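Predicted model only: the values in this text are computed from it and were never measured. No hydrogens, no waters, no symmetry mates; every other heavy atom, side chains included, goes into these values.
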Amino acid sequence: MPKNNIIQKDFYRESGKMLDTPGIWMKCVNPNLHFIYILRKTQRHPKNSILGMFWRLVLRHHQIKYGFQIYPETQIGAGFYLGHWGAVVINPKTKIGRNCNVAQGVTIAQANRGKKEGVPTIGNEVWIGPNAVLVGNITVGNNVLIAPNAYVNFDVPNDSVVTGNPATIIPNPAATEGYISNKIAD
């Protein structure tokens, strides 16, 4: 795959095609992709620059409009995919790898006390289902599927499915097979 910018890589996840700028703008009728576009534009500029302040204002408007509470400080790898719009909350200190899917109702939060005080670190090729909650200083490995409504407050190894509340881990080397499509290489 040729070297493409991060916005092209994010949009590739939806269509399976590397799009030029007009193609990306046409896809921005989709609220999920529109928000990702604005988030990535905001991440390109220093907070206190003129463009940084402009894009942060635009991002804030769209956070309220679409219900995504995702901040430009959040480290998110290429190939980020929001499955549906609305009610997604991600702590800005969270680190998310590449080719990750986040569905509606997901909360990725900080724990403020106890042995897991801190925020999650999420690996590559992780699928997080609707209404799942990940909280605390936990590490979610690569190739992990977190089922809808799961509550995860512990480390999750690579190649796993996490389900339930309280959550349980089921080892599965094909955990995200068929769930994460149009993966990007880097």
Novice: Considering all heavy atoms of both residues, which atom of Arg40 and which atom of Ile76 are nearest to each other, and what is their separation?
Specialist: NH1-O, 2.9 Å
Novice: Measuring from atom CD of Gln69 to atom OG1 of Thr74, what distance do you get when rounded to the nearest 0.5 angstrom?
Specialist: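 If we round to the nearest 0.5 Å, Gln69:CD and Thr74:OG1 are 9.5 Å apart.
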Novice: Any side-chain heavy-atom pair from Asn32 and Tyr66 closer than 4.5 angstrom?
Specialist: no
Novice: Can you get from Tyr71 to Trp55 by hopping between Ile, Leu, Val, Met, Phe, Trp and Tyr side chains that sit under 4.5 Å apart?
Specialist: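 Looking at the clustering, Trp55 is in a separate group from Tyr71.
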Novice: Once you round to the nearest 0.5 Å, how far does CG of Leu145 lie from CD1 of Ile170?
Specialist: 9.5 Å
Novice: Would Trp25 end up clustered with Ile38 when hydrophobic side chains under 4.5 Å apart are linked, directly or stepwise?
Specialist: yes
Novice: Please examine the side chains of Thr42 and Arg60, heavy atoms only from C-beta on, and report whether any two atoms are closer than 4.5 Å.
Specialist: no
Novice: Tell me, do Asn158 and Val144 make a side-chain contact under 4.5 Å, heavy atoms counted?
Specialist: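 No, every pair of side-chain atoms sits at 4.5 Å or beyond.
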Novice: Where is the tightest heavy-atom contact between Ala174 and Asn172, given as atom of each residue plus distance?
Specialist: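 Nearest pair, atom of Ala174 first, then Asn172: N-OD1, 2.8 Å.
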Novice: Would you be so kind as to tabulate the donor-acceptor pairs closer than 3.5 Å made by side chains of residues 115-142, with sequence neighbours excluded?
Specialist:
from   : atom 1 : to     : atom 2 : distance (Å)
Asn124 : OD1    : Arg98  : N      : 2.8
Glu125 : OE1    : Lys183 : NZ     : 3.2
Asn142 : OD1    : Asn124 : N      : 2.6

Novice: Working to the nearest 0.5 angstrom, can you tell me the gap between Ile96 CD1 and Gln75 CD?
Specialist: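 If I round to the nearest 0.5 Å, the distance is 10.0 Å.
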Novice: Show the numbers, then the answer: is there a salt bridge (Lys or Arg N to Asp or Glu O under 4.0 Å) between Arg56 and Glu73?
Specialist: CA-CA 11 Å; Arg56 277 171 171 68; Glu73 295 79 18; 3.8 Å; yes
Novice: Taking all non-hydrogen atoms of both residues, which atom of Val162 and which atom of Ala167 are closest, and how far apart?
Specialist: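 Taking Val162 first and Ala167 second, the nearest heavy atoms are CG1-CB, 3.6 Å.
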Novice: Enumerate the residue pairs fulfilling ring pair (Phe, Tyr, Trp, His ring centres under 6.0 Å) with a member in residues 136-158, sequence neighbours excluded, ordered by first and then second residue.
Specialist: none
Novice: Transitively linked via ILVMFWY side-chain contacts under 4.5 Å: Leu33 with Leu59?
Specialist: yes
Novice: Output the distance between atom CG (Asn149) and atom OG1 (Thr163), rounded to the nearest 0.5 Å.
Specialist: 9.0 Å
Novice: Nearest 0.5 Å please: distance from the CD1 atom of Ile108 over to the NZ atom of Lys93.
Specialist: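 Between Ile108 CD1 and Lys93 NZ, I get 15.5 Å after rounding to 0.5 Å.
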Novice: Is there a side-chain contact (heavy atoms from CB on, under 4.5 Å) between Ile169 and Val161? Walk through the geometry before answering.
Specialist: CA-CA 6 Å; Ile169 298 171; Val161 173; over 6 Å; no
Novice: Start with the C-alpha gap between Asn143 and Asp159, add the side-chain angles, then the distance that decides, and say whether side chain to side chain donor-acceptor pair (under 3.5 Å) holds.
Specialist: CA-CA 5 Å; Asn143 186 36; Asp159 307 318; 2.8 Å; yes
Novice: Does Asn99 reach the side chain of Arg13, with side-chain heavy atoms less than 4.5 Å apart?
Specialist: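 Of all side-chain heavy-atom pairs linking Arg13 with Asn99, at least one is under 4.5 Å.
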Novice: Could you see if Ile180 belongs to whatever hydrophobic cluster contains Ile6? Use Ile, Leu, Val, Met, Phe, Trp, Tyr and a side-chain cutoff under 4.5 Å.
Specialist: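 No.
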Novice: Using a 6.0 Å cut-off, check whether atom CD1 of Ile64 has over 12 heavy atoms from anything other than its own residue.
Specialist: yes
Novice: Taking all non-hydrogen atoms of both residues, which atom of Lys47 and which atom of Met53 are closest, and how far apart?
Specialist: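 Of all heavy-atom pairs spanning Lys47 and Met53, the closest is O-CG, 3.5 Å.
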Novice: If I take atom CG from residue Leu82 and atom CD1 from residue Ile36, how far apart are they, to the nearest 0.5 angstrom?
Specialist: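 Answer for the CG-CD1 pair, Leu82 versus Ile36, is 4.0 Å.
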Novice: For Ser15 versus Asn182, what's the shortest heavy-atom pair and its separation?
Specialist: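 Looking at all heavy atoms of both residues, the closest pair is C-ND2, 3.9 Å.
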Novice: Counting N and O atoms only, with roles assigned by atom type, does the side chain of His62 sit under 3.5 Å from a partner on the main chain of Val58, one being a donor and the other an acceptor?
Specialist: yes
Novice: If only atom types and distance count, is the side chain of Gln63 paired as donor or acceptor with the main-chain N or O of Ile70 below 3.5 Å?
Specialist: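 Yes, the answer is positive, given that a donor and an acceptor are paired below the 3.5 Å cut-off.
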Novice: Between Phe35 and Phe68, how do the two ring planes meet: parallel, tilted or perpendicular, split at 30° and 60°?
Specialist: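 It falls in the tilted class, 30° to 60°.
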Novice: Under the side chain to side chain donor-acceptor pair (under 3.5 Å) criterion, do Asp10 and Gln8 qualify, and how do the steps go?
Specialist: CA-CA 5 Å; Asp10 291 340; Gln8 288 175 306; over 6 Å; no
Novice: Check the hydrophobic clustering (I, L, V, M, F, W, Y; side-chain heavy atoms under 4.5 Å; chains of links allowed) and say if Tyr37 and Tyr81 are grouped together.
Specialist: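 No, no single cluster joins them.
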Novice: For Met26, does the CE atom have more than 12 heavy-atom neighbours from other residues, nucleotides or ligands under 6.0 Å away?
Specialist: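 No - once you tally the heavy atoms of other residues, nucleotides and ligands closer than 6.0 Å, there are 12 at most.
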Novice: Any non-hydrogen side-chain atom of Tyr179 less than 4.5 Å from a side-chain atom of Asn101?
Specialist: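 Of all side-chain heavy-atom pairs linking Asn101 with Tyr179, none is under 4.5 Å.
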Novice: Can you confirm whether Ile7 sits close enough to Lys41 that some side-chain heavy atom of one is under 4.5 Å from a side-chain heavy atom of the other?
Specialist: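 A side-chain contact exists here, since the closest heavy-atom pair is under 4.5 Å.
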